Amino acid sequence: MARSKSKKARGSGAARRTRHVRNAAGPVVIVTGGSRGIGAACALLAGARGWRVVINYRSEKRAAERVVTAIRRSGSQAIAVQGDMAVEADVLKLFREADRAFGRLDGLINNAGITGKPSRVDQIGADPLRRVLEVNIVGPFLCAREAIKRMSSARRGRGGAIVNISSAAARLGGPGEWVHYGASKGAIDTMTIGLGREVAAEGIRVNAVRPGLIDTDIHATAGLPDRVAKLAPTVPMRRAGSAEEVADTVIWLLSDDSSYVTSSIVDVSGGR
Ligand code: NAP
C-alpha cells in the first residue's frame, strides 16, 4: 500500500516505532556509505528504531562490520555490502543483495559522498572533477532509480522514503576549497525537489538534509585535518555538529513521522 495514507489512519508514531522493533519483518533501508561518519550514525539509529539495515561501504569492510554488529546487538537485522556507488554494476549488486537478504525495500539514504582534494576551479583536473560528480551525483541518481523500481506504488511497491545527504556547500558554494563539491550538492538539492514531485503520487517521499560543518573523517580524508577546529568558531552556534545530530533529522525524514514532507531540504548546520 502506498505511504500516502493520512497519519491518523496509520496510528501514532510511537506505536509504529514499537511495532517495527518487535516485528522481525520490519521495514528495510539501504544506507550508502554506511560504514563511517554520518552514514554509520544513520544506520545505527535506523536499526535502533527497528529498521532492517543494508550498509553499503566502499573499502572499510571492518568499519562496516562493526556497524552491522552493533545493529544486531540492538535487536534488529543488518548486512554489509561492498560497492562503489559511482559504478552502476556495484549499485545493481547492492540492490540485488538487499532483495536477497530481506525481500523488500522501504527506504534509501543516499549518503555516500566525497569532497575530493581542495582545489580552485582554475586548477582542477578533469579526472578528480569527474570522480566527485560521479560519486556525488551519478551514484545517488542510480540508487534512487533502483529504489523507485522497488518502492513505487505504480510498480506494485508499497511506497517508501528517500533521504539524500546534500551539504551546506550547495548554498555556500565552497569558494577556494571545493566549488566542484558544492555544485555536486546543488545538483542533489535540485534532484530532491524534482524527483520528490515526480514520485509523490506513487507513495514515495524524497527529501534532503544539508549538514553544515560535521565532525567526521571527511575533512582529514580531503587533507584538511584541522578544518573542523579552524571553522567551528565561525559557525553561529560556535561548534561543529556531530554525525548523530544529522542522523536524528535523516531518520525523521525516513520515518512516517514526516508523512506530509516531500521535496524538502532541511539544513542541519548550527545556523551556518
Ligand atoms: P566520511 O566520514 O568520509 O564517510 C564517508 C562514507 O562514504 C564512508 O562510509 C565511505 O566508505 C563511503 N563512501 C565514500 N565513497 C564511496 C563510494 N564511491 N561508494 C560507496 N561508499 C563510499 O563522510 P561523512 O562526513 O560522513 O559524509 C557523508 C555525507 O555527508 C557525504 O555525502 C558528505 O558530502 C555529506 N556531508 C558531510 C559534511 C561534513 O562536514 N562531514 C557536511 C556536509 C555534507 P568507506 O568507509 O568504505 O571508505
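All ligand and atom numbering here is 1-based and tracks the order in the structure. Each residue takes its place number in the sequence, starting with 1. This is a predicted model, so every value here is computed, not measured.
- For atom 27 (O) of ligand 1, the nearest non-hydrogen atom of the protein is I218 CD1, 3.9 Å.
- The protein heavy-atom contact nearest to atom 45 (P) of ligand 1 is S35 OG, 3.4 Å.
- Using a cut-off of 4.0 Å between Lys/Arg side-chain N and Asp/Glu carboxylate O, E65 and R62 are scored as not salt-bridged.
- For R58, a nitrogen or oxygen atom sits less than 3.5 Å from a nitrogen or oxygen atom of ligand 1, counting backbone and side chain alike.
- An N or O contact shorter than 3.5 Å links K185 to ligand 1 by distance.
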Hey, mind stepping through N207 and I265 against side chain to side chain contact (heavy atoms under 4.5 Å, CB included) and telling me if it holds? CA-CA 6 Å; N207 294 291; I265 301 164; over 6 Å; no

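- Taking every non-hydrogen atom of S59 and a distance limit under 4.0 Å, the qualifying atoms of ligand 1 come out as 45 (P), 47 (O), 48 (O).
- Grouping the Ile, Leu, Val, Met, Phe, Trp and Tyr side chains by contacts below 4.5 angstrom, directly or via other members, places L224 apart from I114.
- Considering both main-chain and side-chain atoms, N111 comes within under 3.5 Å of ligand 1 through a nitrogen or oxygen pair.
- Checking only distances, I38 does come within under 3.5 Å of ligand 1, N or O to N or O.
- Distances below 4.0 Å separate heavy atoms of D84 from the following atoms of ligand 1: 17 (C), 18 (N), 19 (N).
- Ligand 1 has an N or O atom lying under 3.5 Å from an N or O atom of G33, backbone or side chain.
- Remark: ligand 1 atoms within the under-4.0 Å shell around heavy atoms of T216 are 2 (O), 24 (P), 25 (O), 26 (O), 41 (N).
- Under a 4.0 Å criterion applied to the non-hydrogen atoms of Y57, ligand 1 contributes the atoms 47 (O).
- A donor-acceptor contact shorter than 3.5 Å links the side chain of R205 to the backbone of S255.
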Please report the C-alpha distance between I109 and I162 in whole Å, then the side-chain angles of each, then the deciding distance to 0.1 Å, and finally whether the side chain to side chain contact (heavy atoms under 4.5 Å, CB included) criterion is met. CA-CA 6 Å; I109 301 175; I162 297 174; over 6 Å; no

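- Protein heavy atom in closest approach to atom 44 (C) of ligand 1: S166 O, 3.2 Å.
- Atoms of ligand 1 found under 4.0 Å from any heavy atom of D217, numbered from 1 in the order shown, are 2 (O).
- Remark: D99 does not engage R104 in a salt bridge, criterion side-chain N to carboxylate O under 4.0 Å.
- Residue contact check: M85 has heavy atoms under 4.0 Å from atoms 17 (C), 18 (N), 19 (N), 20 (C) of ligand 1.
- When the heavy atoms of G212, G37, S167 are ranked by distance to atom 38 (C) of ligand 1, first place goes to G212.
- Contacts of R131 with ligand 1, taken as heavy-atom pairs under 4.0 Å, involve the side chain alone.
- Counting heavy atoms under 4.0 Å from ligand 1, residue T32 does not touch it at all.
- Between I251 and R49 the shortest side-chain heavy-atom distance falls below 4.5 Å.
- Contacts between K61 and ligand 1, counted as non-hydrogen atom pairs separated by less than 4.0 Å, are absent for every part of the residue.
- When hydrophobic clusters are built by joining Ile, Leu, Val, Met, Phe, Trp and Tyr residues whose side-chain heavy atoms come closer than 4.5 Å, directly or via intermediates, V228 is not grouped with I38.
- For atom 48 (O) of ligand 1, the closest non-hydrogen atom of the protein is R36 NH2, 2.9 Å.
- Counting only non-hydrogen atoms, the option in A112, G39, G113 that gets closest to atom 5 (C) of ligand 1 is G113.
- Closest to atom 36 (N) of ligand 1, if we only count protein heavy atoms, is Y181 OH, 3.5 Å.
- If you look at I214 next to ligand 1, the close heavy atoms, those under 4.0 Å, come from the backbone and the side chain alike.
- Close approach of ligand 1 to V135 is summarised as follows: ligand atoms under 4.0 Å from at least one heavy atom of the residue are 18 (N).
- Inspection of the T32 and N111 side chains reveals no N or O donor paired with an N or O acceptor under 3.5 Å.
- A donor-acceptor pair under 3.5 Å links the side-chain atoms of R150 to the main chain of E146, judged by distance alone.
- Close approach of ligand 1 to G83 (heavy-atom distance below 4.0 Å) involves ligand atoms 19 (N), 20 (C).
- Under 4.0 angstrom from ligand 1, the non-hydrogen atoms of I114 all belong to its side chain.
- The proximity of H219 to ligand 1, defined as any non-hydrogen pair under 4.0 Å, is limited to the side chain.
- Side-chain N or O atoms of N164 include none that pairs as donor or acceptor with a backbone N or O of A208 at under 3.5 Å.
- Considering backbone and side-chain atoms together, A86 places no N or O closer than 3.5 Å to any N or O of ligand 1.
- What you find for Q82 and K93 is that their closest heavy atoms are O-NZ, 3.0 Å.
- For A63, no heavy-atom contact with ligand 1 is shorter than 4.0 Å.
- Between the side chains of T216 and R36, no donor-acceptor pair is found at a separation under 3.5 Å.
- Atom CD1 of I55 is separated from atom CZ of R66 by 12.0 Å, given to the nearest 0.5 angstrom.
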